Amino acid sequence: MVPLWMYLAVAAALFSLGVFGVLARRNAVAILMSVELMLNAVNINLVAFWRYSETGTDLLLNGYAFTAFVLIVAAAEAAVGLAIIITVYRNRRSVIPEEATALKG
Amino acid sequence: MELNAVTIGFAVFTIFTLGGGFGVVTTRNLFQGTIWLMVSLFGVAGYFILLSAPFLAAVQILVYIGAIAILITFAVMLTRSVTRIKVRYIRLLPSFIGSLLVFLILLFGITVPIFGGQLPEAAPQTVASTRDLGAALVSEHGYVVPFMLASVLLTGAMIGAIFIARDEKA
Amino acid sequence: MDNLCTGLCTLLLDGGFDAGLAQFLSLLVGVLLVSGVPLITVILLIWVERKVAARIQDRIGPNRVGPIGLLQTLADMIKLLSKEDITPTSADRLLYNAAPLVSFASVVLIWAVIPFTPFHYGVDLEIGALYFVAIASFGTLAIMVAGWASNNKYALLGAFRVVALLVSYEVPLVFALLAPVMLAGSMSLLDIVNAQSGMWFVILSPLAFVIFYVSSQAETGRAPFDLIEAESELVAGFNIEYSGMKFGMFFAAEFLHVFTNGILMAILFFGGWMGPLYYESPLIAFAWLGAKGGLIYLTTLWLRNTVPRLRIDQIMAFNWKCLVPLSIANIVAVSLALKVLQELDLAPRQLIGAGIGEMLPTTVVMLLINGAIGLYLLGILRRRGQEARREFQAASQAYAAAPAD
Amino acid sequence: MNVLHEWAFIGVFAILAPVFPALPIVIARLFRPRKPNALKSSTYECGVETIGDTWVQFRVQYYIYGLIFLVFDVEMVFLFPWAAAYNEMSLFGFVAGFLFIFLLTDALFYAWKKNALDWK
């Protein structure tokens with residue numbers, strides 16, 4: 001068996017990659033993809049914790065079900081996020097978040 | 001760590017996950033970025049299988065590779081000038097240092113000190129089946145509230161996204 | 001194959017092999033055995049397809065190479081092998097080359113969970129029904145990648161249209177799949193077949209079968225949904241830049257996918273290997289599955305060769321405004337009826353191992369409900385058809401009456 | 001370990017599955033002629049020189065279909081375990097599943113009413 005901390009280490013690396021992408025990428029679609037990476041890093045953690053600690057206790061399915069809900073949130077986030085990007089692009093011909101400043105005070 | 005199916009699988013899926021993730025943040029071409037994202041998420045699905053959650057793995061592939069990949073590709077094609085952006089990165093150095101710090105803190109601040117000592121044998125052998133999940137989702141002692149909320153969220157997301165993305169002129 | 005695998009594994013262990021290596025080798029043999037079935041069938045399928053198409057069009061079809069043209073596919077393969085393989089300079093080489101492989105692999109992989117007989121199957125996954133839907137999504141992605149990597153307007157346009165079609169028809173397909181899963185109370189394909197010992201699911205839920213049939217016809221890109229090969233509009237669609245063996249792989253994948261869907265329908269709705277004497281020998285069980293799958297496959301060929309192509313707006317409207325609401329209504333009706341029957345103790349709680357006698361009240365009720373929904377739907381479709389005809393007539397009369405310039 | 005043994009089978013299958021189609025393509029390399037020239041390997045557009053970028057502007061309708069598909073696809077995630085647990089489910093759970101389907105159908109009807117389902 002693979003020890004728990006190795007799963008967590010991979011998840012941490014994936015999360016950091018996502019953080020880097022969100023901070024450094026200029027393109028809104030690329031930023032959204034980086035957010036998906038971060039969400040998946042979280043999912044690895046949830047399932048790993050579920051497998052290594054939870055199945056022995058009474059709370060049989062918390063991590064499992066929670067991962068499924070995170071998946072749903074990720075899907076909803078991608079759908080709405082991309083729709084916003086498409087609309088902003090249609091109105092301003094740009095996909096760079098810094099340039100969408102219509103609501104800036 | 002001895003060499004067996006699980007460890008080989010773990011190594012392979014780690015290459016998939018992290019390699020794909022690296023591709024996502026570095027590639028300039030967004031379509032290739034989408035494919036890299038799918039490689040990465042495929043690796044994550046592999047982890048789910050290693051962690052005895054095959055249902056989640058199937059769902060991961062179904063939702064990400066079956067749907068979100070297609071959706072991102074459509075969006076990439078709809079926002080054509082996406083590929084014309086000359087500058088790939090902004091604040092490259094601070095972001096790099098920041099994310100590296102996040103990684104180091106996560107790894108050596110939390111993961112290794114707390115869970116580094118946990119033995120591999122800690123994983124129990126009883127694993128829940130999909131049927132248990134289905135029963136738990138809709139039982140009043142289970143997850144029926146998040147279940148309904150998920151439904152509301154999905155409905156809201158769909159209505160909202162259609163409302164935003166629809167071309168009024170057409 | 002599981003018993004075979006373990007048998008081989010112990011044999012190898014006795015022969016002095018390392019434990020891991022023995023396991024791996026036995027797995028390898030199992031995989032080769034299972035995958036041999038689709039790989040051998042696909043060669044035959046191409047011949048069957050051409051022969052049937054020819055007969056429907058009042059031609060003879062391949063009849064020169066070998067007896068009744070049986071070796072035609074082999075000859076074609078040799079021809080394709082010797083064809084120059086052109087990769088466009090502007091193509092994305094890696095993705096361009098990977099797409100046909102993924103496309104074919106995604107179909108072959110489905111066979112890993114198909115139960116050939118009660119004891120011979122690759123694996124019996126707990127999530128079998130979900131597995132093959134998930135695997136099929138790789139095929140969709142492969143088409144998208146093929147269209148994009150070719151770097152050709154027609155290829156990309158074709159890929160977009162096909163992918164929009166594929167994802168749209170996946171919704172009713174998966175909803176229809178819910179009905180057998182619900183009836184069997186399990187996602188394992190083995191359980192689903194075993195649950196049909198009393199009554200085939202095609203009788204319990206004919207609407208689900210019809211929806212599954214229509215949408216799987218669309219999933220494989222066959223007429224009347226053949227936007228994939230809309231030659232007259234898109235110069236062959238997403239695979240326009242492919243040549244030689246890579247082009248052949250897309251087609252082999254398509255032929256195999258049609259047959260795979262036939263086998264899947266036989267498993268999900270027609271009781272798989274069930275039939276007289278299936279318990280006598282695995283060969284008879286296997287023959288039953290092949291016969292049922294083959295018959296369904298032949299009807300898809302028949303449909304393909306006799307129905308004209310629909311326009312993309314018609315295809316989409318048919319899916320979203322007819323099939324999807326119908327499949328939702330079907331799943332609601334099936335679950336409601338079954339629950340009521342179970343509460344009244346008229347239906348067995350567990351269909352696995354149920355006899356025909358126990359199933360009779362359920363069957364009657366289910367048939368009535370399905371018939372009612374089906375008739376209602378037919379009424380709507382008829383009215384819509386009449387409206388469309390009237391509109392068309394009005395338009396053509398207006399056109400005829402207009403003064404010519 | 002038994003579950004993982006099944007998946008090891010799938011894993012080996014997944015490694016071999018792309019090899020089957022790759023073999024003839026690689027073998028073909030031995031036989032086929034290779035005489036590429038600029039005209040042959042240019043983009044094929046019925047003999048006409050290709051004009052402009054491949055990435056022509058696409059209509060938003062593709063995205064909307066993808067979006068509706070995504071939402072229904074995610075719905076499946078929850079309906080499959082629900083269907084698998086159907087036989088031993090209480091009436092409460094049954095009604096919860098119904099409500100779930102009903103809410104999603106609502107979204108479909110919204111899209112229908114807004115003509116988002118029409119191919120324009």
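Reckoned from all heavy atoms, side chains included, excluding hydrogens, waters and symmetry mates. Each chain gets a letter, A, B and so on, in the order the sequences are listed, and its residues count up from 1. Predicted model, so just to flag it, every value in this text is computed and none were measured.
When the options D/I101, D/L103, D/L99 are evaluated for a side-chain contact (heavy atoms from CB on, under 4.5 Å) with B/S151, the one that passes is D/L103.
Residue D/F92 qualifies as enclosed at atom CZ: its count of foreign heavy atoms under 6.0 Å is above 12. No more than 12 heavy atoms of other residues, nucleotides or ligands lie within 6.0 Å of CZ in B/F22, so this atom counts as exposed by the packing criterion. By the neighbour-count criterion of 12 heavy atoms within 6.0 Å, atom CZ of D/R29 is sparsely surrounded, having that number or fewer from other residues, nucleotides or ligands.
Annotation for D/A85 and B/G134: closest pair CB-C, 3.9 Å, computed over non-hydrogen atoms. In plain terms, the two heavy atoms of D/P81 and B/L137 that are nearest each other are CG-CD1, 4.4 Å. The two residues B/M148 and D/F100 come nearest to each other via the heavy atoms CE-N, 3.9 Å. Minimum heavy-atom separation, B/T155 to D/A107: CG2-CB, 3.7 Å. Among all heavy-atom pairs drawn from D/D73 and B/L62, the shortest one is OD2-O, 2.9 Å. Looking at every heavy atom in both residues, D/W7 comes nearest to B/P54 through CZ2-CB, 3.5 Å.
The candidate from D/Y65, D/Y63, D/W82 with the greatest count of non-hydrogen atom pairs under 4.5 Å with chain B is D/Y63. Taking B/I162, B/L50, B/I70, B/L133 one by one and counting their heavy-atom pairs under 4.5 Å with chain D, the maximum is reached by B/I162.
For B/L56, no part lies under 4.5 angstrom from a heavy atom of chain D. Contact annotation for D/F78: both backbone and side-chain heavy atoms come within less than 4.5 Å of a heavy atom of chain B. The parts of B/V152 that come within reach of chain D are both its backbone and its side chain, each placing non-hydrogen atoms under 4.5 angstrom from that chain. Looking at B/V144, only its side chain comes within 4.5 Å of chain D, counting heavy atoms on both sides. Both the backbone and the side chain of B/T130 come within contact range of chain D, each with at least one heavy atom under 4.5 Å from a heavy atom of that chain. Interface remark: B/A157 contributes no atoms to any contact with chain D (heavy atom separation under 4.5 Å).
For D/F80, there are no ring pair (Phe, Tyr, Trp, His ring centres under 6.0 Å) partners two or more places apart in sequence or in a different chain. Applying the ring pair (Phe, Tyr, Trp, His ring centres under 6.0 Å) criterion to B/F48, with sequence neighbours excluded, gives no partner residue.
Within residues 94-104 of chain B, no residue has any heavy atom closer than 4.5 Å to a heavy atom of chain D. Residues of residues 14-28 of chain D placed with any heavy atom under 4.5 Å of a heavy atom in chain B are absent; none qualify.
A distance of 5.0 Å separates CE of B/M158 from CZ of D/F72, quoted to the nearest 0.5 Å. Rounding to the nearest 0.5 Å gives a distance of 11.0 Å between CD of D/E6 and CD1 of B/I49.
Side chains of B/I159 and D/D106 form no contact here, defined as non-hydrogen atoms less than 4.5 Å apart.
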